[in-house]
Amino acid sequence: MLRYYLNRLLVGAAMLVALSLLVFILLRLAPGDPIDAYINPNVAMSQEEMAAVRSRLGLDQPLPVQYAAWLASAARGDLGFSLQRNGDTVLGLIGERIGPTLLLMGAGLAIAIVIGIATGILGAVRRNSPTDVGLSIAAFFGISSPAFLTALVGLYVFSVLLRWAPSGGMLTPGAPFSVADLLRHLILPALLLSIGHAALIMRYMRASLLEVLNQDYVRTARAKGVKEFWVIVKHALRNALLPVVTLIGSTIGIAVGGAIFLESVFNWPGMGLLLVNAVSTRDYPVIMGATLVVGACVILVNILTDVAYAAVDPRIKVA
């Protein structure tokens with residue numbers, strides 16, 4: 001088992017290097033000269049001065065040399081400095097922003113898991129009933145709605161029209177910190193982030209539980225007189241959760257994309273907003289560093305999902 005997990009870590013590291021290489025190449029293929037992001041457009045510079053800046057930053061080196069130098073620095077924990085934030089370190093900016101993103105994604109996924117599993121069980125137990133049909137229709141719209149549309153509609157309805165929640169930010173400006181104020185700002189973006197994931201989990205949970213309920217051991221438990229509630233909870237649910245655990249792990253990457261839209265719409269001070277601002281200002285070190293950290297988190301979650309298999313179903317043996 002230890003060998004399997006070491007192999008997974010090696011594969012994850014290789015995927016992370018491939019991701020960083022892909023982002024590096026895409027940034028270099030983007031229109032414009034990278035040196036433009038490093039100079040002040042209001043200050044006239046001669047060709048000799050620009051060449052000196054290019055040499056100091058290593059931009060006069062071949063692309064493989066540039067990438068190797070950046071990767072070596074990243075391996076030491078040095079992700080460089082922001083070009084647009086008065087020389088702040090990229091690692092420092094990420095440290096400031098990753099907490100709010102984890103809070104938003106954690107709250108959204110927790111809501112999605114609870115609602116998705118509960119509605120999936122309800123749909124499977126009441127198969128083809130009006131409740132099941134209604135939940136399936138709601139899940140269809142939840143899966144079909146893109147994140148940016150959900151965010152904009154939710155903001156307009158609940159913040160502008162109904163005024164049930166703040167329209168943006170993580171805390172009320174000028175007000176002292178309080179958990180209640182944080183929750184007021186968190187609940188709407190977290191709920192909107194959970195919609196698509198809850199719908200997807202509900203569909204998988206329903207299909208998986210329906211398959212398990214038709215197994216022989218479940219029919220045997222019913223024939224012995226076990227109450228239906230305990231048949232589902234003790235015999236069917238644990239086995240039905242395995243594909244759902246797989247799905248939850250794989251949706252982390254999708255949640256990152258949704259968080260980028262939500263953080264932009266709600267001005268949530270997280271990694272998504274940091275990436276959007278970095279792209280708009282061509283802050284290359286921040287783009288590279290933030291992408292690397294987000295990719296590492298997604299890969300780590302997928303590895304932890306593999307570890308969770310054995311906890312959900314002890315019949316699984318890892319070679």
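Shortest non-hydrogen contact noted between L209 and A236 is CD1-CB, 3.8 Å. For A151 against L262, the heavy-atom pair with the smallest separation is CB-CD2, 3.5 Å. Across E263 and L104, no two heavy atoms sit closer than the pair CG-CD2, 4.0 Å. Residues A139 and A199 approach most closely at O-CB, 3.4 Å, considering heavy atoms. When all heavy atoms of V286 and A278 are compared, the pair lying nearest together is CG1-CB, 3.6 Å. Minimum heavy-atom separation, A296 to L16: N-CD1, 3.4 Å.
Residues L63 and I287 fall within the same hydrophobic cluster, defined by Ile, Leu, Val, Met, Phe, Trp and Tyr side chains chained together at heavy-atom separations under 4.5 Å. V125 and M202 fall into different hydrophobic clusters, defined by Ile, Leu, Val, Met, Phe, Trp and Tyr side-chain heavy atoms under 4.5 Å apart, directly or through other members. W164 and V265 end up in the same hydrophobic cluster when Ile, Leu, Val, Met, Phe, Trp and Tyr side chains are linked at under 4.5 Å. V218 and V226 fall within a single hydrophobic cluster, where Ile, Leu, Val, Met, Phe, Trp and Tyr side chains are chained together by heavy-atom contacts under 4.5 Å. In the hydrophobic cluster analysis, where Ile, Leu, Val, Met, Phe, Trp and Tyr join through side-chain heavy atoms closer than 4.5 angstrom, L122 is grouped apart from F229.
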So M170 and N267, side chain to side chain contact (heavy atoms under 4.5 Å, CB included) or not? Walk me through it.
CA-CA 8 Å; M170 186 175 172; N267 198 30; over 6 Å; no

Go through the steps to decide whether V212 and Y217 satisfy the test side chain to side chain contact (heavy atoms under 4.5 Å, CB included), and finish with yes or no.
CA-CA 9 Å; V212 172; Y217 68 90; 3.1 Å; yes

Does the pair M205 and L237 meet the rule for a side chain to side chain contact (heavy atoms under 4.5 Å, CB included), with working shown?
CA-CA 9 Å; M205 187 71 237; L237 183 58; 3.6 Å; yes

Could you walk me through whether I25 and Y67 pass side chain to side chain contact (heavy atoms under 4.5 Å, CB included), step by step?
CA-CA 9 Å; I25 293 174; Y67 173 73; over 6 Å; no

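Formation of a donor-acceptor pair under 3.5 Å by the S194 side chain with backbone atoms of A112 is not found in this model. At least one donor-acceptor pair closer than 3.5 Å links the side chain of S129 to the backbone N or O of R126. In this structure a side-chain-to-backbone donor-acceptor pair under 3.5 Å is missing from S208 to Y204. Using modelled atom types, no side-chain atom of D181 and backbone atom of P176 make a donor-acceptor pair closer than 3.5 Å. Judged purely by atom type and a 3.5 angstrom limit, T101 uses its side chain to pair as donor or acceptor with the backbone of M271. Without hydrogens or angle criteria, S159 side chain to Y156 main chain gives no donor-acceptor distance under 3.5 Å. A donor-acceptor pair under 3.5 Å is absent between the side-chain atoms of Q61 and the main chain of Q66, judged by distance alone. Looking at W268, its side chain never comes within 3.5 Å of a backbone N or O of L273 through a donor-acceptor pair.
Annotation: the span from L193 atom CG to L188 atom CG amounts to 11.0 Å, rounded to 0.5 Å. Atom CG in D283 sits 12.5 Å away from atom CE in M288 (nearest 0.5 Å). Put simply, CG on L71 and CG on L21 are 9.0 Å apart, with the number rounded to the nearest 0.5 Å. Within the model, atoms CG of L19 and OG1 of T291 stand 6.5 Å from one another, a figure rounded to the nearest 0.5 Å. For the atom pair CG of L135 and CD1 of I115, the computed distance is 11.0 Å after rounding to the nearest 0.5 Å. Rounding to the nearest 0.5 Å gives a distance of 9.0 Å between OG of S145 and CZ of F140.
Annotation: side chain of L292 is in contact with side chain of W70 (closest heavy-atom distance under 4.5 Å). Contact of the T89 side chain with the L79 side chain is not registered, since no non-hydrogen atoms from C-beta on lie closer than 4.5 Å. Looking at heavy atoms from C-beta onward, I117 lies in side-chain contact with L241 at the 4.5 angstrom threshold. Looking at E96 and L274, their side chains never come closer than 4.5 Å, going by heavy atoms from C-beta outward. V293 has its side chain within reach of I98: a pair of non-hydrogen atoms, C-beta onward, lies under 4.5 Å apart. The closest side-chain heavy-atom distance from T172 to R184 is below 4.5 Å. Side-chain contact between P285 and F81 is absent, with no heavy-atom pair separated by less than 4.5 Å. With a 4.5 Å cut-off on side-chain heavy atoms, N128 and V133 do not count as touching.
Under the 3.5 Å distance criterion, with hydrogens and angles disregarded, no donor-acceptor pair is assigned to the side chains of D88 and S82.
Residue-environment remark: CZ (R219) exceeds the threshold of 12 foreign heavy atoms within 6.0 Å. Counting heavy-atom neighbours within 6.0 Å of Q215 CD, excluding the residue itself, gives a total above 12. In the displayed structure, F24 atom CZ is contacted under 6.0 Å by more than 12 heavy atoms of other residues, nucleotides or ligands.
Put simply, the residue from L191, L155, I195 that forms a side chain to side chain contact (heavy atoms under 4.5 Å, CB included) with T150 is I195. Across R206, R203, R127, a single residue satisfies salt bridge (Lys or Arg N to Asp or Glu O under 4.0 Å) together with D132, and that is R206.
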